[in-house]
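Let me begin by presenting the structure, written as C-alpha cells, before commenting on it.
The first residue in the sequence is number 1, and the count goes up from there. The figures that follow rest on heavy atoms only: side chains count, while hydrogens, waters and symmetry mates do not.
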Amino acid sequence: MRLNKYMSDAGVCSRRQADRLVEEGRIMVDGSPAVLGQQIMEGQKITLDGKEIRPVRRKVLLAFNKPRGIVCTTEKREKDNIIDYLNYPERIYPVGRLDKDSEGLILLTNDGQLMDEILRARNFHEKEYEVRVDRPVTGDFLKKMSQGVEILDTVTRPCQVRQTGTCSFRIILTQGLNRQIRRMCEALGYRVRHLRRYRIMNIRLGDLETGKYRELTPEEYRELIRLTQEGSGREEKTGSSHTHHTDHRKGRGRS
C-alpha cells in the first residue's frame with residue numbers, strides 16, 4: 001500500500017498530513033528518507049522522527065465534549081493540546097478543529113480514511129452550533145447569515161439559521177472555514193460571546209459532560225459510515241460541479 005495510507009491506517013495522521021511529513025523528511029523507510037507516493041511492502045520498517053510506526057489493531061472513534069481553552073492539535077509543544085488532555089491509551093487525533101475559545105462536540109479517531117471523508121468539504125456534511133452574541137439578533141441578521149456572508153475571499157454556503165433567544169441562535173453549517181461563525185458574525189457587526197457545537201452529522205453531544213468522552217455506539221458508527229459513503233458517492237457523481245466552493249483546508253473546522 002502507499003506510505004500515506006499506511007500512516008493513516010496506523011492512526012498517526014491523515015494521508016495529506018503524511019505527505020507533508022514526507023516532504024519535511026521526518027519519515028524513514030528501512031532507514032532511508034521516504035518519498036511521496038512510495039509503496040510500502042510487508043516487513044519494512046517505517047519510522048517517524050525515529051519512532052517506529054506499527055499498523056493499528058483496533059479502530060477507535062470517540063465523541064468528546066471539548067472545554068474552552070483546549071487546543072485541537074496533536075502538537076505536544078502546545079501545553080493545552082487535546083491529546084494530552086484526554087490521555088487516551090491509544091494514538092488518536094482530532095477530526096477537524098474547534099478553536100480554543102469554542103467548546104462542544106469534536107470527534108477523535110485513529111482511522112485516517114474516515115477522518116478524510118468527514119472533513120472533505122465537497123461532501124456537505126452538517127455540523128450544528130449554538131451561538132450567543134453581544135447584542136440582540138434581528139431578522140435581517142438571520143437572513144444574511146443564512147444566505148451567505150463574504151469572508152476569507154469567498155462567500156459562505158447558504159445555511160440553516162434560527163433564533164433561540166434574544167441574543168442567541170442555532171446554525172447548521174456544511175463547510176468549515178477558519179473560525180467561520182465568528183468571522184460571519186463579525187462581518188455583520190456582531191461579536192460571538194459563546195459558541196458550542198452540538199452535532200456533527202448524526203453524532204450528537206447529548207448529555208455528555210464537558211471534558212468527558214465516550215465511544216460511538218455501533219448504531220452511530222454504522223450511520224456515520226453510511227453518510228460518509230453517501231457523500232463520497234455524491235462527489236463522484238457530480239464531479240467538479242462544486243469546485244467553485246473555496247476549501248480553506250488549513251483552517252477547516254475552526255468555527
Side-chain angles (χ1 to χ4, degrees), residues 63-73 78 80 82 85 94-107 118-119 121-214 227 231 242 244-255:
F64 173 52
N65 189 350
K66 185 189 89 67
R68 292 179 68 175
I70 298 302
V71 182
C72 294
T73 180
E78 169 56 61
D80 296 317
I82 193 171
Y85 183 89
V95 180
R97 297 186 180 184
L98 270 176
D99 68 50
K100 187 173 183 177
D101 294 327
S102 299
E103 59 185 87
L105 179 63
I106 187 163
L107 304 179
I118 294 172
L119 292 178
R122 291 186 295 270
N123 286 348
F124 286 72
H125 296 317
E126 290 187 348
K127 290 169 283 186
E128 185 171 0
Y129 304 79
E130 175 78 23
V131 187
R132 189 172 70 247
V133 288
D134 61 342
R135 59 192 184 89
V137 170
T138 65
D140 183 59
F141 169 80
L142 295 173
K143 181 179 179 181
K144 289 177 178 177
M145 288 286 285
S146 66
Q147 291 178 342
V149 180
E150 187 173 348
I151 61 170
L152 297 171
D153 299 321
T154 189
V155 177
T156 59
R157 286 178 185 161
C159 60
Q160 300 176 50
V161 188
R162 65 180 176 87
Q163 189 167 357
T164 56
T166 302
C167 298
S168 62
F169 62 93
R170 285 250 179 161
I171 183 169
I172 299 176
L173 301 180
T174 58
Q175 64 186 143
L177 305 182
N178 188 357
R179 298 175 66 87
Q180 180 171 343
I181 295 173
R182 296 179 188 274
R183 291 179 188 273
M184 290 172 73
C185 289
E186 287 170 6
L188 298 177
Y190 286 73
R191 184 171 296 277
V192 171
R193 295 298 190 199
H194 183 261
L195 191 155
R196 179 190 294 267
R197 184 158 64 195
Y198 282 87
R199 177 172 67 89
I200 299 173
M201 299 169 69
N202 65 304
I203 312 303
R204 297 180 181 276
L205 194 60
D207 58 2
L208 185 62
E209 294 180 21
T210 300
K212 302 294 184 182
Y213 67 84
R214 65 172 178 83
L227 289 170
H242 297 307
H244 64 282
H245 292 293
T246 303
D247 181 9
H248 294 254
R249 292 187 179 275
K250 65 181 180 179
R252 61 188 173 183
R254 298 183 192 178
S255 298

Find out whether Val71 and Lys100 are in side-chain contact, i.e. whether some heavy atom of one side chain is under 4.5 Å from a heavy atom of the other. yes
Checking the side chain of Tyr190 only, and the main-chain atoms of Met184 only, is there a donor and an acceptor separated by less than 3.5 Å? no
Between Asp99 and Arg182, is there a salt bridge with N-O shorter than 4.0 Å? yes
For the pair Thr156 (side chain) and Val149 (backbone), establish whether a donor and an acceptor sit closer than 3.5 Å, ignoring hydrogens and angles. yes
Is it true that a side-chain atom of Glu78 and a backbone atom of Thr73 form a donor plus acceptor pair closer than 3.5 Å? no
So do the side chains of Ile181 and Lys127 get within less than 4.5 Å of each other, counting heavy atoms only? no
Mind checking whether Phe141 and Cys185 have side chains closer than 4.5 Å, heavy atoms only? yes
Between Arg197 and Arg199 (side chain of the first, backbone of the second, donor and acceptor by atom type, cut-off under 3.5 Å), is there such a pair? no
First locate atom CG of Asn65, then atom OG1 of Thr210, and finally report the distance between them rounded to the nearest 0.5 Å. 4.0 Å
Hey, mind stepping through Glu130 and Arg170 against salt bridge (Lys or Arg N to Asp or Glu O under 4.0 Å) and telling me if it holds? CA-CA 5 Å; Glu130 175 78 23; Arg170 285 250 179 161; 2.7 Å; yes
Measuring only between side-chain heavy atoms, which start at C-beta, is Leu98 closer than 4.5 Å to Phe64? no
Taking the side chain as C-beta and beyond, is there a heavy-atom pair between Arg183 and Leu177 under 4.5 Å? no
State whether the side chain of Arg68 and the backbone N or O of Asp101 hold a donor-acceptor pair below 3.5 Å, judged by distance alone. yes
Separation of His125 NE2 from Asn202 CG (nearest 0.5 Å): 10.5 Å
For Cys72 versus Lys66, what's the shortest heavy-atom pair and its separation? SG-CD, 3.5 Å
Side chain to side chain, Cys159 and Ile172, heavy atoms closer than 4.5 Å: no
